[in-house]
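A quick write-up on the structure given underneath.
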Amino acid sequence: MEIAVIILAAGGSQRLGKPKQLLPFHGGSLLRRAAEAAVGSHADHCTVVLGNEAERCGAEIANLPVRLEINPGWRDGLASSIRVGMAAVRRNHPDVDAVILAPGDQPFLTSAVLNSLMQIHLSTAVGIVASSYADTIGVPALFCAAWFQRLAELQGDRGAKTLFDTAGPDLITVPFPQGATDVDTAEDYANALAVECGMTNDE
């Protein structure tokens with residue numbers, strides 16, 4: 001199979017007041033960690049969708065083998081970045097069999113997490129393999145080609161959650177408890193750093 005990762009990192013970080021993509025974490029920025037997770041996984045391609053502070057964010061990952069795409073309509077919501085990413089993948093990698101949507105603000109996203117989504121898809125042939133955490137279903141999530149058009153038509157700021165709600169038996173979830181930690185506020189960031197510190201001290 002040919003699989004592409006789309007990292008969604010175009011948001012304006014309004015609640016934080018500064019680009020969360022560039023916050024330092026575990027020796028690199030959140031954005032760089034997400035990109036490195038994708039590059040280090042079994043995926044064949046990685047596209048990073050940028051918007052707010054695109055130049056600074058692009059410079060942060062300029063030396064990684066990823067394709068940068070700019071979403072000029074990033075203020076319209078998350079779905080606009082998914083549409084930009086899907087259009088780029090279909091244009092540049094027309095033979096892709098599945099895509100993984102991954103956020104740029106999950107500090108504990110790793111290559112292993114992405115690989116687990118691919119492994120479950122390969123072993124079950126289910127169309128959507130999503131992450132589960134904090135009593136919800138979310139990203140990162142893998143979508144097979146049968147869902148590409150639905151992804152390309154998403155609107156608003158809920159992203160792929162609308163597809164999770166309607167997938168029925170074509171959806172499997174994989175536990176990713178640390179996926180509940182993302183960064184939207186200064187408190188979120190402080191909590192993530194505290195978790196990281198605890199993990200480091202346990203090693």
Side-chain angles (χ1 to χ4, degrees), residues 1-13 19-74 78-122 128-131 138-145 147-148 151-152 159-160 174 176 178-179 182-183 192 196:
M1 288 189 69
E2 188 172 343
I3 298 176
V5 177
I6 300 174
I7 296 176
L8 304 169
S13 309
K20 61 184 175 181
Q21 302 94 318
L22 299 176
L23 289 174
F25 190 83
H26 202 66
S29 67
L30 289 178
L31 174 58
R32 186 172 184 89
R33 282 179 56 80
E36 288 177 341
V39 169
S41 76
H42 298 321
D44 301 281
H45 315 286
C46 178
T47 295
V48 181
V49 181
L50 303 176
N52 182 47
E53 296 283 0
E55 185 173 349
R56 289 177 62 196
C57 290
E60 179 70 8
I61 53 176
N63 63 336
L64 295 178
V66 301
R67 180 181 293 272
L68 304 182
E69 294 288 336
I70 307 301
N71 175 15
W74 60 268
L78 182 58
S80 67
S81 290
I82 294 175
R83 295 196 303 271
V84 167
M86 288 302 302
V89 167
R90 294 169 105 179
R91 180 176 65 249
N92 297 311
H93 312 294
D95 296 324
V96 158
D97 300 290
V99 299
I100 295 176
L101 299 184
D105 65 347
Q106 276 181 336
F108 302 106
L109 178 67
T110 64
S111 299
V113 170
L114 299 177
N115 288 341
S116 69
L117 301 177
M118 298 180 233
Q119 290 164 359
I120 293 295
H121 174 64
L122 288 171
I128 301 177
V129 185
S131 301
V139 291
L142 178 148
F143 298 82
C144 75
W147 289 89
F148 284 4
L151 287 169
V174 178
F176 174 33
Q178 291 176 317
D182 60 9
V183 178
E196 178 200 21

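Just the heavy atoms: all of them, side chains too, but no hydrogens, waters or symmetry mates, feed the values below. This chain uses plain numbering: 1 for the first residue, then up along the sequence.
Rounding to the nearest 0.5 angstrom, the gap separating the CG atom in N115 from the CD1 atom in I120 is 12.0 Å.
Residues in residues 41-73 take part in these ring pair (Phe, Tyr, Trp, His ring centres under 6.0 Å) pairs, two or more places apart or across chains: H45-H93.
Considering every non-hydrogen atom in both A152 and R90, the closest pair reads CB-NH1, 3.5 Å. Contact record, C46 with I7: SG-CD1, 3.8 Å, taken as the closest heavy-atom pair. Considering every non-hydrogen atom in both S41 and S111, the closest pair reads N-OG, 3.5 Å. In plain terms, the two heavy atoms of L151 and I82 that are nearest each other are O-CG2, 3.8 Å.
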In sequence, state the C-alpha distance, the side-chain angles, and the governing distance for M1 and M118, and then conclude on side-chain contact (heavy atoms from CB on, under 4.5 Å). CA-CA 10 Å; M1 288 189 69; M118 298 180 233; over 6 Å; no

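For the pair V139 and L8, the minimum side-chain heavy-atom distance is 4.5 Å or more. Annotation: side chain of V39 is not in contact with side chain of E36 (no heavy-atom distance under 4.5 Å). Here the side chains of V89 and F148 are not in contact, with every heavy-atom distance at 4.5 Å or above. The shortest distance between side-chain heavy atoms of C57 and N52 does not fall below 4.5 Å.
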Residues 62-73, side-chain donor-acceptor partners within the protein, below 3.5 Å, at least two apart:
from, atom 1, to, atom 2, distance (Å)
N63, OD1, R32, NH1, 3.0
N63, OD1, R32, NH2, 3.3
E69, OE1, R91, NH2, 3.4
E69, OE2, R91, NH2, 3.3
N71, OD1, G73, N, 2.9
N71, ND2, S80, OG, 2.9
N71, ND2, S81, OG, 3.0

